[in-house]
Amino acid sequence: MDSRVSELFGGCCRPGGGPAMGGNLKGRGAGGSSSCGGPKGKKKNGRNRGGKANNPPYLPPEAEDGNIEYKCEHSGSRAGQEGSTFRVWEEQCDFMCPKLKLVNPSQYRFEHLVTQMKWRLQEGRGEAVYQIGVEDNGLLVGLADEEMRASLKTLHRMAEKVGADITVLREREVDYDSDMPRKITEVLVRKVPDNQQFLDLRVAVLGNVDSGKSTLLGVLTQGELDNGRGRARLNLFRHLHEIQSGRTSSISFEILGFNSKGEVVNYSDSRTAEEICESSSKMITFIDLAGHHKYLHTTIFGLTSYCPDCALLLVSANTGIAGTTREHLGLALALKVPFFIVVSKVDLCAKTTVERTVRQLERVLKQPGCHKVPMLVTSEDDAVTAAQQFAQSPNVTPIFTLSSVSGESLDLLKVFLNILPPLTNSKEQEELMQQLTEFQVDEIYTVPEVGTVVGGTLSSGICREGDQLVVGPTDDGCFLELRVCSIQRNRSACRVLRAGQAATLALGDFDRALLRKGMVMVSPEMNPTICSVFEAEIVLLFHATTFRRGFQVTVHVGNVRQTAVVEKIHAKDKLRTGEKAVVRFRFLKHPEYLKVGAKLLFREGVTKGIGHVTDVQAITAGESQASMGF
């Protein structure tokens, strides 16, 4: 693992040189050196046989919020050192003692622990990680085998009480303050919230053309290795020309389901999407985007409109960083989408070639424009550590090296995806759900015997079957009334849609000709405003000459994609690469629904820029035709 990861998280090494549990064990002693693991015969927080003092091993102190809980049982030598009254005081004041324990808790303590588990599951949106044998301040005390079995038994009872399942992620020995071996155990607790069918995580798949994106998704979701000639990707293509050329030109979706024990549920005979949804407690939705530069507008639309939680950047081991790889990396950075990297096709290369590609990626990630900390994943322990650190720090970028043909290291990627927690917390989710309904229209279909169907993401609020909404803006700036007849998520019926979830909505006999991509369906109480002129603070990432008034660019704001002209550059006559300014844009075709603060990305040929909307000049339906020049 990269030394910078160890420096950032205070990582310590176990005997044998691998990363210690969590990858962030801190030695809080002189010089900040770590003391987890080490030669046998040495005692921690005391003196070894050579007479030198050792530093106690630590994790970061337990946070009040979040889905990580520390649990520790004090007994044995520690109780003997602190006197017999220590255990008595702990038993009597168990409800207020910060040294929490899971061995034979009283009924009052058990109910308190169950309540605490509910809180951690709520914070983690259905997932929580318990570190057994760790004090609240992060000190790795460890438990003896008997105490650990009793603690896990109690944790299992707690999980049963709340209707959750537990999975032991890993165990580590700590030789601390005791002559007897002591362990710490990391446990994943998972429970699907009562108001959801499953936990949902959206992953956008980026990478250069022919890097193996669709093939990797086919192998992950179908459970069969590729034959080296693209057989695994055939079921993912939506158009005949994609099958003929082997290149993705449209946005497609694939799902990978995990049950409550972390097992993949996709791999069985004739498993349909409905069955996968019913059997899954966690669902990974892959958004397969185009890699060819000709379809860059499609890739940008997928990143801006489908609101992925994170991105998977695929790099071919034999070509390295080539083609649109840097451009896709820049898009993820510009839109602040967390990403991890998968180096594919390692079966085609010598080990030295793979290592050279990884070193090339590490150099790019460490550059000033990225400021990332690469983390090479080579074992299951690394995969667990990577999932936790990736969620906690936006700077960490895990790197996997695998093959879709030989299956090398595919299991490590599955472990990572299974453990990867939601990257938004429950408070943000609740705040969005309390707002008025706003649904982005990204796709439009006509389904026989169903009628018009729209696909997209619910940005805020709650949407139910039978809700009356308004959709727009139309070309003349109006919003039209409609009714939501039914809702489906991942091809399964769903009665309630919550903020942040993607779904398709059936609109009955509503005229499809009145709809277009980029519209929004909102609650009538919102009184939505539209604009054809808006201002944005931008940074010009690249332009061959100068960026001036009258220049036309394609603007991407959420699911909105339209050509706009530069009307004015405030305080400047022109812009060059790297310069910043506030710019006024005017849409050329029809007004759009925009919100102040929304992220903006514009392009035209090699010209590219990013920014955010600072002001919108709201117009009414009557003013719309005049403002567009009709």
Side-chain angles (χ1 to χ4, degrees), residues 1-11 19 22-24 26 60 201-208 211 213 216 289 291 299-300 303-304 307-317 319-344 346 354-379 381-402 409 412-413 415-417 419-424 539 541-542 578 599 601 608 610:
M1 197 180 301
D2 196 300
S3 60
R4 289 186 58 183
V5 177
S6 299
E7 292 171 9
L8 181 63
F9 296 107
N24 58 354
K26 298 182 180 178
L201 204 64
R202 291 193 295 275
V203 180
V205 183
L206 304 172
N208 188 37
S211 59
K213 298 184 296 297
L216 175 61
L289 303 176
T299 301
I300 296 176
L303 280 174
T304 56
C307 306
D309 296 286
C310 61
L312 184 161
L313 179 64
L314 207 66
V315 179
S316 178
T319 60
I321 300 177
T324 56
T325 302
R326 286 183 182 271
E327 202 158 11
H328 287 187
L329 174 61
L331 289 173
L333 291 170
L335 297 172
K336 297 182 179 180
V337 178
F339 63 92
F340 58 96
I341 297 176
V342 172
V343 179
S344 64
V346 298
V354 177
E355 291 174 350
R356 185 171 64 247
T357 300
V358 171
R359 287 196 300 269
Q360 183 186 21
L361 287 167
E362 290 175 344
R363 285 196 299 270
V364 171
L365 292 174
K366 293 176 182 178
Q367 288 177 354
C370 291
H371 290 295
K372 299 292 184 180
V373 182
M375 183 180 183
L376 184 61
V377 178
T378 58
S379 67
D381 189 75
D382 288 351
V384 175
T385 300
Q388 295 173 350
Q389 304 296 8
F390 182 70
Q392 294 171 9
S393 172
N395 292 327
V396 174
T397 303
I399 301 177
F400 298 83
T401 57
L402 53 79
S409 299
L412 300 184
L413 182 58
V415 169
F416 175 83
L417 294 171
I419 300 173
L420 186 63
L423 302 182
T424 56
V539 176
L541 298 179
F542 181 80
K599 295 177 185 177
L601 190 148
K608 296 177 183 64
I610 60 172

Under 3.5 Å: donor-acceptor pair, side chain of His371, backbone of Pro368: yes
Any donor-acceptor N/O pair, Lys599 side chain to Leu335 backbone, under 3.5 Å: yes
Check: Lys372 side chain, Gln367 main-chain N or O, donor-acceptor pair, under 3.5 Å: no
Side chain Ser393, main chain Gln389, donor-acceptor under 3.5 Å: no
Asp382 versus Met375, closest heavy-atom pair with distance: O-CE, 4.2 Å
Donor-acceptor pair, side chain of Ser344 and main chain of Ser211, under 3.5 angstrom: yes
Heavy-atom closest pair, residues Gly320 and Val315: O-CG1, 3.4 Å
Leu201 and Leu417: CA distance, side-chain angles, deciding distance, side chain to side chain contact (heavy atoms under 4.5 Å, CB included) verdict: CA-CA 9 Å; Leu201 204 64; Leu417 294 171; 6.0 Å; no
Test log, rule side chain to side chain contact (heavy atoms under 4.5 Å, CB included), inputs Leu365 and Ile341: CA-CA 11 Å; Leu365 292 174; Ile341 297 176; 3.8 Å; yes
Over all atoms of both residues, closest heavy-atom pair of Thr378 and Leu412: C-CD1, 3.8 Å
Non-hydrogen atoms of Val415 and Ala383 that approach each other most closely: CG1-CB, 3.9 Å
Note, Thr357 side chain near Thr401 side chain (heavy atom, < 4.5 Å): no
Where Leu402 and Val346 come nearest, the two heavy atoms and their spacing: O-CG2, 3.3 Å
Lys213 side-chain N/O to Asn208 backbone N/O, donor-acceptor pair under 3.5 Å: yes
Under 3.5 Å donor-acceptor, Thr324 side chain and Gly291 backbone: yes
